[in-house]
**Student:** 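Before we start, here is the structure in question, set down as structure tokens.
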Protein chains: 2
Amino acid sequence: MDTIDLSLVELLRGNARLSYAELARQVGLSAPAVHERVGKLESSGVIRAYRAEVEPEAIGLGVTALIGIIEDSDADTDDVLEAFRQIPEIESCYFMAGVESFLLKARVGTIAELEQLIVRLNRTPGVASTRTGIALSTKWENRPQPLEPPTTS
Amino acid sequence: MDTIDLSLVELLRGNARLSYAELARQVGLSAPAVHERVGKLESSGVIRAYRAEVEPEAIGLGVTALIGIIEDSDADTDDVLEAFRQIPEIESCYFMAGVESFLLKARVGTIAELEQLIVRLNRTPGVASTRTGIALSTKWENRPQPLEPPTTS
DNA sequence: CACTCTCCGTGGACACGATCGACCTGAGCC
DNA sequence: GGCTCAGGTCGATCGTGTCCACGGAGAGTG
């Protein structure tokens with residue numbers, strides 16, 4: 001994980017479809033060298049996936065909600081987590097410090113679907129209560145921040 | 001935006017680095033046809049970007065926080081938003097219904113940096129108060145959900 | 001110091017993919 | 001019927017991905 005790897009990661013965070021040849025030009029190496037480095041970044045788990053970022057409304061997911069979850073005092077957190085994993089509408093899941101154990105980001109098509117989702121969450125064993133906030137609009141999401149060299153001072 | 005476009009979007013959400021030739025095989029069209037369709041999806045804004053998804057810890061961003069913002073009663077929301085846009089640590093920004101006008105997702109390297117960020121947010125003109133929750137771990141993030149055909153009923 | 005091992009790179013070769021232009025086909029409309 | 005347009009296929013060309021053999025720098029060792 002040196003400076004060149006960091007540059008590659010930054011370039012691919014900006015545009016995941018850059019060709020190896022183009023990456024090679026940008027970092028001053030040959031294409032095979034870049035190919036190997038990126039392969040190692042992938043298999044070591046630094047790069048998890050390459051995803052197209054899509055306008056949610058265009059694919060029928062116009063409603064975004066952020067949902068805090070309070071667990072029962074005797075809940076098994078792993079079971080709750082596993083139940084959440086089965087629910088496709090939950091796009092992100094954070095385990096939080098504080099009263100609310102989880103914060104979920106969910107996307108659905110309609111308010112009616114959101115209602116169903118909340119009911120389902122409240123029925124999930126181990127869930128004591130939920131608190132839902134509706135996003136009126138997403139100003140931006142997953143904006144990559146510029147990477148600083150390892151000197152994080 | 002027909003069934004084939006939807007398939008292309010779904011394939012690219014799963015793996016943004018698929019070649020046009022591979023996409024063409026999957027949807028049963030020729031490579032040039034797919035090339036043109038994807039180009040239109042990009043220029044019409046359905047596909048916003050292609051991003052590599054990176055393990056945040058690997059690039060020195062080990063601390064994730066979710067921050068609710070309450071605005072001053074006389075705040076100019078656009079100005080506040082613009083101020084947030086200048087802060088690189090804010091990866092996502094949702095405009096919310098409810099008491100808290102915004103919910104921000106931020107990533108920083110250390111708790112000390114988080115402290116600085118919160119101070120900066122509280123100093124931002126128009127911001128009355130903030131409420132920060134710390135994510136102890138990210139179980140998953142931006143998981144693409146399976147697309148259903150346009151009949152969302 | 002010389003030797004060797006390893007890591008990490010380069011350059012060449014070749015198959016595959018991207019992309020352009022020419023052409024084809026079916027739908028809608030005079 | 002004959003135009004026109006949208007959106008496809010095919011073929012050709014050129015750039016890219018990817019495999020492989022080779023080479024240089026640096027660490028460890030006699």
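Chain naming here is simple, since letters A, B, ... match the order of the sequence lines and numbering starts at 1 in each.
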**Student:** What residue pairs, at least two apart or across chains, pass salt bridge (Lys or Arg N to Asp or Glu O under 4.0 Å) with a residue in residues 68-77 of chain A?
**Tutor:**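 For residues 68-77 of chain A, and leaving out neighbouring residues, there are no salt bridge (Lys or Arg N to Asp or Glu O under 4.0 Å) pairs at all.
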
**Student:** Please report the interatomic distance CG(Leu18(A)) to CZ(Arg17(B)), rounded to the nearest 0.5 Å.
**Tutor:**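 Going from the CG atom of Leu18(A) to the CZ atom of Arg17(B) covers 7.5 Å.
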
**Student:** Hydrophobic cluster mates of Ile70(A), side-chain heavy atoms under 4.5 angstrom, ILVMFWY only, any path?
**Tutor:**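 ILVMFWY cluster around Ile70(A) also holds Val99(A).
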
**Student:** Is the shortest side-chain N to carboxylate O distance from Arg85(A) to Glu82(A) below 4.0 Å?
**Tutor:**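 A salt bridge is present here (some side-chain N lies under 4.0 Å from a carboxylate O).
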
**Student:** Please give, in whole Å, the distance from dT16(D) P to Glu36(A) CD?
**Tutor:**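 Atom CD in Glu36(A) sits about 20 Å away from atom P in dT16(D).
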
**Student:** Sequence neighbours left out, what passes side chain to side chain contact (heavy atoms under 4.5 Å, CB included) with Asn142(B)? Give chain and number order.
**Tutor:**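 Counting only residues at least two positions away or on another chain, Asn142(B) forms a side chain to side chain contact (heavy atoms under 4.5 Å, CB included) with Ser92(A), Lys105(A), Asn142(A).
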
**Student:** Using links of under 4.5 Å between side-chain heavy atoms of ILVMFWY residues, direct or through other members, which residues join Ile134(A) in one cluster?
**Tutor:**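 Other cluster members: Val63(A), Ile67(A), Ile69(A), Val80(A), Leu81(A), Phe84(A), Ile87(A), Ile90(A), Phe95(A), Phe102(A), Leu104(A), Val108(A), Ile111(A), Leu114(A), Leu117(A), Ile118(A), Leu121(A), Val127(A), Leu136(B), Trp140(B).
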
**Student:** Going by an N to O cut-off under 4.0 Å, is there a salt bridge joining Glu141(B) and Arg107(B)?
**Tutor:**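 A salt bridge links Glu141(B) with Arg107(B).
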
**Student:** For the helix from dC1(C)-dG30(D) to dC30(C)-dG1(D), what is the angle between the axes at its two ends, each from 5 pairs, rounded to 10°?
**Tutor:**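 The value is 20°.
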
**Student:** Identify whether the distance between the nearest side-chain nitrogen and carboxylate oxygen of Glu10(A) and Arg13(A) falls below 4.0 Å.
**Tutor:**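 Judged by the 4.0 Å cut-off on N to carboxylate O distance, Glu10(A) and Arg13(A) do not form a salt bridge.
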
**Student:** Check the distance between dG7(D)'s C1' and Leu29(B)'s CG and give it to me in whole angstrom.
**Tutor:**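 The distance from CG of Leu29(B) to C1' of dG7(D) comes to 10 Å, rounded to the nearest Å.
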
**Student:** Give the B/S/- string for nucleotides 11-28 of chain C, one per nucleotide from 5' to 3', where a protein heavy atom under 4.0 Å of the base yields B, of only the sugar-phosphate yields S, and otherwise -.
**Tutor:** B-----SSBB--------

